[in-house]
There are 2 protein chains.
Amino acid sequence: MKGSTLKDVAREADVSVASASRVMNGIGTVTEDVRARVLEAAERLRYVPHWGARSLVTSRTNTVGLLLPDIYGEFFSEIIRGVDIAARARDLHLLVSGSHGDLAEAAAVIESMSGRVDGLLVMSPVASAGDLPVTVPLVTIGGRPDGSERCAIGVDNFAGACTAVRHLAANGCRRLAHISGPAENLDAQERFRGFAATASEVDPGAELRVREGDFTEEGGHRAMAALLDRADRPDGVFVANDMMAAGAILAIKEAGLAVPEDVAVIGFDDIPLARFTSPPLSTLRVGVCELGKQALEMLVSAIEAGDASEVEGIVISPQLVVRESSKRGTNTN
Amino acid sequence: MKGSTLKDVAREADVSVASASRVMNGIGTVTEDVRARVLEAAERLRYVPHWGARSLVTSRTNTVGLLLPDIYGEFFSEIIRGVDIAARARDLHLLVSGSHGDLAEAAAVIESMSGRVDGLLVMSPVASAGDLPVTVPLVTIGGRPDGSERCAIGVDNFAGACTAVRHLAANGCRRLAHISGPAENLDAQERFRGFAATASEVDPGAELRVREGDFTEEGGHRAMAALLDRADRPDGVFVANDMMAAGAILAIKEAGLAVPEDVAVIGFDDIPLARFTSPPLSTLRVGVCELGKQALEMLVSAIEAGDASEVEGIVISPQLVVRESSKRGTNTN
DNA sequence: TTGTAAGCGTTATCAT
DNA sequence: ATGATAACGCTTACAA
């Protein structure tokens with residue numbers, strides 16, 4: 001079971017390790033005869049190059065790390081997919097790690113990964129990249145592209161939120177409400193800001209109806225139920241992500257109300273699930289898979305530049321996707 | 001940006017590399033004074049151990065590889081999540097790779113991964129493990145545990161399919177149909193076998209109503225539409241996975257029929273989406289995340305044993321989850 | 001307790 | 001075109 005080494009191959013083929021290495025890497029010049037013998041020996045001995053040894057001398061790992069706060073749900077799986085596709089296209093391996101609630105855990109994982117990757121892709125909505133202890137190029141996904149020292153790719157949450165609220169208003173909603181993400185989450189903060197800014201612009205002086213959620217379906221359900229209990233029941237809700245929106249729709253229907261007639265709902269992300277709620281969920285589409293691909297490309301640039309700060313940050317604008325959950329025919333938008 | 005080495009740390013702390021190594025690994029005995037100096041120097045120089053060098057001498061990578069046919073959809077993301085959780089608990093890193101349509105591609109990836117992992121987790125529904133060129137312990141997920149030479153963990157597809165069909169029959173369905181997965185997919189084959197066996201047992205001599213799908217929502221939609229076109233329209237359909245079942249439900253409703261009154265539907269997998277179709281989808285639950293965890297544990301055993309064949313294979317039995325899509329009150333089951 | 005030194009499997013730089 | 005051989009960064013006997 002113990003793997004054979006290049007030395008073994010060289011001996012079997014009756015050449016030096018140098019020649020064997022040349023053949024295996026297709027570098028330098030070798031006789032056709034030598035090439036054939038080496039290839040044959042390698043095949044026969046089931047030779048597999050030892051990447052550790054190779055990386056030791058080349059100081060390249062051909063591997064990138066991907067850190068996610070969690071792996072649950074379609075949002076993250078789409079990120080992984082995008083990154084994986086782009087990485088494969090460039091012959092890079094992908095080291096994945098999920099479940100990083102807090103900053104300390106993320107830092108620990110980053111440290112243990114640092115020695116084995118050429119660069120890191122980090123999605124840590126709670127931390128700005130500056131706080132992370134890194135020795136390799138790093139690109140953050142979804143932090144705030146502006147003001148951050150590290151190279152970043154992200155979503156224009158503020159603009160997306162504004163679009164969502166205006167869409168609700170254009171569909172005749174007067175009592176606007178928001179179910180937010182966790183207060184410490186940067187994306188959630190921006191979406192909330194967008195809601196607050198636009199809601200008061202649409203209806204100046206109105207009180208803000210906001211309830212904090214946790215990005216889970218259950219959290220959305222709870223928050224919606226609380227919102228419905230108010231004396232001034234909202235007739236249009238902007239929910240900070242699709243998972244919570246799915247829970248919110250359930251809560252509304254359980255309260256005996258109709259979507260969108262009594263309460264219109266719009267989410268954020270456009271995860272595959274959004275088409276399957278009933279009614280289908282209006283939302284703001286973020287090309288999540290594409291986001292992952294671009295993040296990887298950006299990281300590759302950073303690695304090649306040797307320094308992340310060389311590369312320009314990117315902001316992706318979400319697009320409005322109108323489905324049944326927000327159509328009230330009062331107005332077209 | 002170039003990382004510092006253990007040698008640098010040793011020099012700064014004014015000790016030998018051996019002592020520095022001892023401190024970093026907590027192995028052997030060192031004076032408190034030395035320990036402190038080394039730790040301080042390491043911190044200051046942002047020392048990160050070079051995994052390649054380490055693995056070169058220990059011949060351990062502390063990394064396992066996970067190969068998936070694709071990363072699209074909740075089924076795979078749950079697998080990744082389960083494996084990731086279990087791997088983290090054991091301080092193992094996870095190398096992920098998706099998109100392996102055919103055997104050749106899978107073989108290529110396995111080869112390029114072999115040199116950098118201690119073991120491999122492979123989910124390749126098209127190939128039996130024997131065909132794979134491997135030099136490290138390997139555990140297959142979802143192949144056929146029986147008859148395979150390699151260590152495997154899998155789902156009892158046949159039994160699950162039988163349960164599904166009996167459930168439909170118990171709910172008064174007389175004209176049973178099946179939307180299968182791709183013909184070359186091993187899991188799909190077993191589910192079909194289960195359908196065929198049970199359907200003819202429930203209604204001997206009846207013709208089999210079967211349509212092949214591809215495990216996608218669109219595929220399920222198409223297959224269902226074709227099934228509804230038949231003169232002897234089915235009144236109960238067992239769909240080989242939940243994604244296709246979601247598409248099938250849509251097709252039934254588009255045809256102006258009701259679920260489950262006109263056509264009862266039951267799926268397979270119990271992905272998170274299943275609770276959100278309307279009506280909610282009855283299905284056979286496979287604890288996908290749990291499956292991933294167990295697969296990793298099994299791989300660890302195989303690695304420790306030094307040989308996969310030492311470890312016993314595992315078969316997981318799916319559980320019936322009854323939701324609205326199959327309840328017709330004719331009979332309780 | 002600490003230091004010296006011999007590898008681990010590759011690549012790369014020299015000579016030949 | 002080919003073969004010695006010196007790194008690469010680390011662990012681990014073995015000495016001191």
Side-chain angles (χ1 to χ4, degrees), chain A residues 1-39 41-42 45-63 111-118 135-136, chain B residues 1-39 41-42 45-63 111-118 135-136:
Chain A
M1 206 73 187
K2 191 71 173 58
S4 35
T5 74
L6 193 56
K7 206 160 121 188
D8 299 329
V9 173
R11 181 169 17 77
E12 288 293 305
D14 198 39
V15 295
S16 69
V17 289
S19 294
S21 174
R22 288 185 190 103
V23 172
M24 297 310 298
N25 296 301
I27 277 174
T29 45
V30 241
T31 327
E32 198 44 55
D33 176 45
V34 172
R35 146 169 270 97
R37 264 154 50 212
V38 171
L39 255 25
L45 298 181
R46 287 170 156 284
Y47 168 70
V48 176
H50 190 295
W51 271 91
R54 179 173 290 178
S55 122
L56 185 55
V57 50
T58 58
S59 63
R60 267 299 220 130
T61 63
N62 287 311
T63 303
E111 203 172 315
S112 79
M113 265 197 182
S114 289
R116 41 203 334 148
V117 299
D118 293 331
T135 53
V136 293
Chain B
M1 208 73 187
K2 192 70 174 59
S4 37
T5 75
L6 192 55
K7 205 159 123 190
D8 299 329
V9 173
R11 181 168 19 75
E12 289 292 306
D14 198 36
V15 296
S16 69
V17 289
S19 293
S21 174
R22 287 185 190 105
V23 172
M24 297 312 297
N25 297 302
I27 277 174
T29 45
V30 231
T31 328
E32 197 45 55
D33 176 46
V34 171
R35 148 169 268 98
R37 264 154 51 211
V38 171
L39 255 25
L45 298 180
R46 288 170 154 285
Y47 168 68
V48 177
H50 190 294
W51 81 272
R54 179 175 288 177
S55 120
L56 185 53
V57 48
T58 59
S59 63
R60 269 297 220 133
T61 63
N62 287 311
T63 303
E111 202 172 318
S112 80
M113 266 198 184
S114 290
R116 34 175 84 222
V117 298
D118 293 331
T135 53
V136 293

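The figures that follow rest on heavy atoms only: side chains count, while hydrogens, waters and symmetry mates do not. Letters A, B, ... are given to chains in the order of the sequence lines, protein chains preceding strands, and every chain is numbered from 1.
Within 4.0 Å (heavy atoms only), A:Thr31 reaches sugar-phosphate atoms of the nucleic acid but no base atom.
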Problem set entry | Under 4.0 Å protein heavy-atom contacts per nucleotide of nucleotides 11-16 of chain C, with B for base, S for backbone only and - for none | BBB---

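Remark: C1' of C:dT10 and NZ of A:Lys7 are 12 Å apart, rounded to the nearest angstrom. Rounded to whole Å, the distance from CZ on B:Arg116 to P on C:dG9 is 17 Å. Rounded to an integer number of Å, the gap from A:Asp8 CG to C:dC8 P is 11 Å. The NE2-C1' distance, from B:His50 to C:dG9, rounds to 13 Å in whole Å. Going from atom CD of B:Glu32 over to atom C1' of C:dT2 covers 16 Å, rounded to whole Å. Between the CH2 atom of B:Trp51 and the P atom of D:dC8 there is a distance of 19 Å, rounded to whole Å.
Partners of B:Arg54 according to the side chain to side chain donor-acceptor pair (under 3.5 Å) rule, which considers only residues two or more places apart in sequence or in another chain, do not exist here. By the side-chain contact (heavy atoms from CB on, under 4.5 Å) test, A:Ala41 is found to be paired with A:Val9, A:Glu12, A:Ala13, A:Arg44, residues two or more places apart in sequence or in another chain being considered. A:Ala53 meets the side-chain contact (heavy atoms from CB on, under 4.5 Å) test with A:His50, B:Leu56; sequence neighbours excluded. Scored by the salt bridge (Lys or Arg N to Asp or Glu O under 4.0 Å) test, A:Asp14 finds no partners at all (sequence neighbours excluded). Partners of B:Thr61 by side chain to side chain donor-acceptor pair (under 3.5 Å), not counting sequence neighbours, listed by chain and number: B:Asp118.
Each of B:Leu56 and B:Thr29 has a nearest nucleotide on DNA chain C; the 5'-most of these lies closest to B:Thr29.
Taking CH2 of A:Trp51 as the reference point, atom CG of A:Asn62 lies at 4.5 Å (rounded to 0.5 Å).
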Which atom pairs, one a donor and one an acceptor, fall under 3.5 Å between side chains of residues 25-35 of chain A and the rest of the protein, sequence neighbours left out?
{"unit_1": "A:Asn25", "atom_1": "ND2", "unit_2": "A:Ser21", "atom_2": "O", "d": "3.0"}
{"unit_1": "A:Asn25", "atom_1": "ND2", "unit_2": "A:Ser21", "atom_2": "OG", "d": "3.3"}
{"unit_1": "A:Asp33", "atom_1": "OD2", "unit_2": "A:Arg37", "atom_2": "NH1", "d": "2.7"}

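B:Thr63 and A:Arg116 form a side-chain donor-acceptor contact under 3.5 Å, judged by distance and modelled atom types alone.
Axis angle across the helix from C:dT1-D:dA16 to C:dT16-D:dA1, with five pairs used at each end and values rounded to 10°: 40°.
When the side-chain nitrogen and oxygen atoms of A:Ser16 are compared with OP1 and OP2 of D:dG3, one or more of them lie within a distance under 4.0 Å.
Looking only at distances, no side-chain donor or acceptor of B:Ser114 sits under 3.5 Å from a matching main-chain atom of A:Val48.
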